[in-house]
Amino acid sequence: MNIKLSLSMPRDESTLPLVRHLCKYSLWEIGVAHECVSDIELALTEACANVVEHSTRDDEYEVHIEVNQLRCEIRVIDAGHGFDFESLGQADADHSAEGGRGIQLMRALVDRVRFISEPEEGTIVHLVKDLAFAGAAGPPFARRPAPPRHEPWPA
């Protein structure tokens, strides 16, 4: 099994729920455990929110999601001004701060986080989460029961 999703989104906060839901429901459909899905969903939201808030050069950003039997890999790519990720997210954010927790959250929620950032070239946030599946062993698509059948709309 190898699932790939590639999105090119306008740099607008209204795109965050769409990106989050596409990822979440794709993972649920193949039987990924709820807690694992929640971790990925929040880390992805933080990565995309950072792009929407901080990138300035382009009107679009890209999200690439790849899922296999072992892990989910996500790359969030912007063409903004880049940033010094080494100095961010290492120390705990001040409890009274309204922001500044995104990188910390990403690091806490996924197994590996990597930033590739070049001044005036942009940034790639690469998130990797090892997957846990709900239910008994077997191929991921065999883990979920068939979706409920919907009755036709009344005439």
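No experiment lies behind these values; they were computed from the predicted model shown.
- Note that CD1 of Ile3 is 6.5 Å distant from OG of Ser26, once rounded to the nearest 0.5 Å.
- Residues satisfying the side-chain hydrogen bond (donor to acceptor under 3.5 Å, both in side chains) test with Thr15, not counting sequence neighbours, are Tyr61.
- The minimum heavy-atom distance linking Gln69 with Phe133 is given by the pair O-CE1, 3.3 Å.
- The heavy-atom pair separating Cys48 from Val76 by the smallest distance is SG-CG2, 4.1 Å.
- Here the NZ atom belonging to Lys4 is positioned 10.5 Å from the CG atom belonging to Asn68, to the nearest 0.5 angstrom.
- For the pair Ile65 and Cys23, the tightest heavy-atom approach, listed with the atom from each and the gap, is CD1-CB, 3.7 Å.
- For the residue pair Val128 and Glu73, the shortest heavy atom distance occurs at CG2-CG, 3.8 Å.
- Atom CG in Leu16 sits 10.5 Å away from atom NE2 in His21 (nearest 0.5 Å).
- For Asp39, the side-chain hydrogen bond (donor to acceptor under 3.5 Å, both in side chains) partners at least two apart in sequence or on another chain are Lys129.
- Arg20 approaches Thr45 most closely through the heavy-atom pair CD-OG1, 3.1 Å.
- Going from atom CG of Leu131 over to atom CD1 of Ile30 covers 6.5 Å, rounded to the nearest 0.5 Å.
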For Val19 and Leu7: C-alpha separation, side-chain torsions, deciding distance, then whether side-chain contact (heavy atoms from CB on, under 4.5 Å) applies. CA-CA 8 Å; Val19 172; Leu7 306 166; 4.1 Å; yes

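- His64 meets the side-chain contact (heavy atoms from CB on, under 4.5 Å) test with Ser6, Glu62, Arg75, Ile77; sequence neighbours excluded.
- For the pair Cys36 and Ala132, the tightest heavy-atom approach, listed with the atom from each and the gap, is SG-N, 3.7 Å.
- Evaluation of the side-chain hydrogen bond (donor to acceptor under 3.5 Å, both in side chains) rule for Asp130 yields Arg112 as partners, not counting sequence neighbours.
- Lys24 NZ to Glu41 CD: the interatomic distance, rounded to the nearest 0.5 Å, is 4.5 Å.
- Atoms CD and CZ, on Glu46 and Arg107 in that order, are 13.0 Å from each other to the nearest 0.5 Å.
- Leu70 is not connected to Ile40 by any chain of hydrophobic side-chain contacts under 4.5 Å among Ile, Leu, Val, Met, Phe, Trp and Tyr, and they are in different clusters.
- The closest side-chain heavy-atom distance from Val32 to Val67 is not below 4.5 Å.
- Not counting sequence neighbours, the partners of Ser38 by the side-chain hydrogen bond (donor to acceptor under 3.5 Å, both in side chains) test are His34.
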Is there a side-chain contact (heavy atoms from CB on, under 4.5 Å) between Asp111 and Arg71 once you walk through the steps? CA-CA 10 Å; Asp111 296 300; Arg71 68 187 52 90; over 6 Å; no

Using the side-chain contact (heavy atoms from CB on, under 4.5 Å) rule, take Ile116 and His126 through it: C-alpha gap first, then chi angles, then the decisive distance, then the call. CA-CA 8 Å; Ile116 303 164; His126 184 200; 5.7 Å; no

